[in-house]
Amino acid sequence: MSDRHPHEHGSHEHAPHGHAHGTPGLRHRLAHLLTPHSHETAGKLDPALESSVRGMRALWVSLAVLGATALAQAVVVAASGSVALLGDTVHNAADALTAVPLGIAFVLGRRAATRRFTYGYGRAEDLAGLVIVLTIAASAAFAAWAAVGRLLDPRPVAQVPAVALAALLGFAGNEWVARYRIRVGREIGSAALVADGLHARTDGFTSLAVLLGAGGSALGWHLADPLVGLAITAAIVLVLRDAAREVFRRVLDAVDPALVDRAEHAVRQVPGVRAVGELRLRWIGHRLRAELTVVVDGEATLRQAHAIAVETEHALLHAVPRLTAALVHADPAPLPGEADPHLALAHHATT
């Protein structure tokens, strides 16, 4: 028997059941030390539409802040000729523009499911994450190209105080945006938005690195500026690795094993559930769906088994953050000597 209850429990809020991080796997030491560790109520389910609205708001606010930062830095680049600041400026501009694919993804995610896209359009968010990864990679390549060119042809940096001020501005703008994106991304379960926040965070610390180049130039060491540009490239590559790992995990339907453990524990507490069979979770954008099998009393009536399936889904919606629906299949507990009821399906199993 299969029970499908695709209703979304966005109309009421569930009480918290502990806390969990919606986007695990970004474990790089720098990111771990510098990323704000959210202990918001993880058991609270934001309505799907509200999650998208919050994501859109985070994107457009970030676009405004980073756009203004990059524009101010570009003016200083034109006056100073600093390649370290140029790399930082281009990276900030690219980071601001990543709001465009993410914004498109959030808008698409609001569309209702169709007979062709039966799960809706939430996976567009994962495609936006891939675009962000490619953008980070392109920024790293450009920064490396500019730094190597200046390393082969060293030149003095003009307007050193202005370069230092622009570097501090870049740090402040990126750090504010990083905290905002990471917090909202974790609260709504968006891996792409968290990856974008980590991207902005690294931009902030590479902006501080521009100060070193400015200091070296002030002391007459012309190689300081391109060397800092290369250091910025290395930092971008490190974040690229972590962001790519997280986004590709989402594309391959990876979830935090702790969420699976949490779901199994919740299902085992449901009256009438004798055992938990196969349980699968998958992200569709920043929302989770579940498919699972539970073992119930073989003598239970259809209505009783259905009631257990409904209660199982209800328990999951309370226990698993950002879960919006579950497909519950009830299997009868086997009797001694009884043949496997799934035997007819055995020849369809893949090896």
Side-chain angles (χ1 to χ4, degrees), residues 1-20 22 41-48 51 112-115 117-120 122-123 189 253-351:
M1 184 194 80
S2 279
D3 264 57
R4 185 177 183 182
H5 306 281
H7 55 280
E8 296 189 3
H9 282 221
S11 59
H12 65 279
E13 296 177 354
H14 299 295
H17 293 260
H19 65 274
T41 305
K44 178 179 176 181
L45 287 177
D46 290 329
S51 295
T114 66
R115 292 185 66 83
F117 296 95
T118 55
Y119 281 94
R123 296 302 288 269
D253 286 332
V255 296
D256 183 358
L259 287 178
V260 180
D261 294 339
R262 186 171 183 166
E264 288 180 341
H265 176 75
V267 173
R268 290 193 182 100
Q269 308 309 309
V270 175
V273 172
R274 294 192 174 186
V276 182
E278 186 177 59
L279 189 153
R280 295 179 179 179
L281 296 171
R282 70 184 308 191
W283 287 99
I284 301 177
H286 51 272
R287 304 163 197 164
L288 272 172
R289 291 184 67 94
E291 298 175 5
L292 68 151
T293 300
V294 294
V295 177
V296 302
D297 185 355
E299 301 303 316
T301 65
L302 178 61
R303 290 187 182 278
Q304 290 171 333
H306 177 267
I308 293 171
V310 171
E311 186 57 33
T312 297
E313 183 183 8
H314 194 204
L316 285 171
L317 289 167
H318 276 284
V320 180
R322 290 172 291 278
L323 183 72
T324 57
L327 179 65
V328 183
H329 176 83
D331 276 345
L335 296 174
E338 183 182 27
D340 183 356
H342 300 103
L343 194 59
L345 304 175
H347 66 286
H348 289 287
T350 57
T351 56

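Please read these numbers as outputs of a predicted model, since none were measured by experiment.
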Using every non-hydrogen atom in the two residues, find where [X] and [Y] come nearest and quote the distance to one decimal.
X: Ala254; Y: Trp283; answer: O-CD1, 3.7 Å
X: Asp253; Y: Arg282; answer: OD2-NH2, 3.3 Å
X: Leu317; Y: Leu323; answer: CD2-O, 3.2 Å
X: Val296; Y: Ala305; answer: CG2-CB, 4.5 Å
X: Ile308; Y: Pro271; answer: CG1-O, 4.0 Å
X: Leu281; Y: Val255; answer: O-CG1, 3.7 Å

I'd like to know if the side chain of [X] reaches the main chain of [Y], judged simply by a donor and an acceptor atom lying under 3.5 Å from each other, with no hydrogens or angles considered.
X: Glu291; Y: Arg280; value: no
X: Thr324; Y: Leu288; value: yes
X: Arg262; Y: Ala319; value: yes
X: Gln269; Y: His265; value: yes

message: Going by salt bridge (charged side-chain N to carboxylate O under 4.0 Å, His left out), name the residues that satisfy it together with Glu299, two or more places apart in sequence or in a different chain.
response: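 Counting only residues at least two positions away or on another chain, Glu299 forms no salt bridge (charged side-chain N to carboxylate O under 4.0 Å, His left out).
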
message: Go through it in stages, so that I can follow the logic: the residues are Leu316 and Val267, the test is side chain to side chain contact (heavy atoms under 4.5 Å, CB included), and I'd like the CA-CA distance, side-chain angles, deciding distance and then a yes or no.
response: CA-CA 7 Å; Leu316 285 171; Val267 173; 3.7 Å; yes

- request: For Arg268, enumerate each residue passing the side-chain hydrogen bond (donor to acceptor under 3.5 Å, both in side chains) test, keeping only those at least two apart in sequence or located in another chain.
  value: none

Charged N-O contact under 4.0 Å between Arg274 and Asp331: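 Answer for the salt bridge query: no.
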
query: Quick one: are Leu292 and Thr312 in side-chain contact, heavy atoms under 4.5 Å?
result: yes

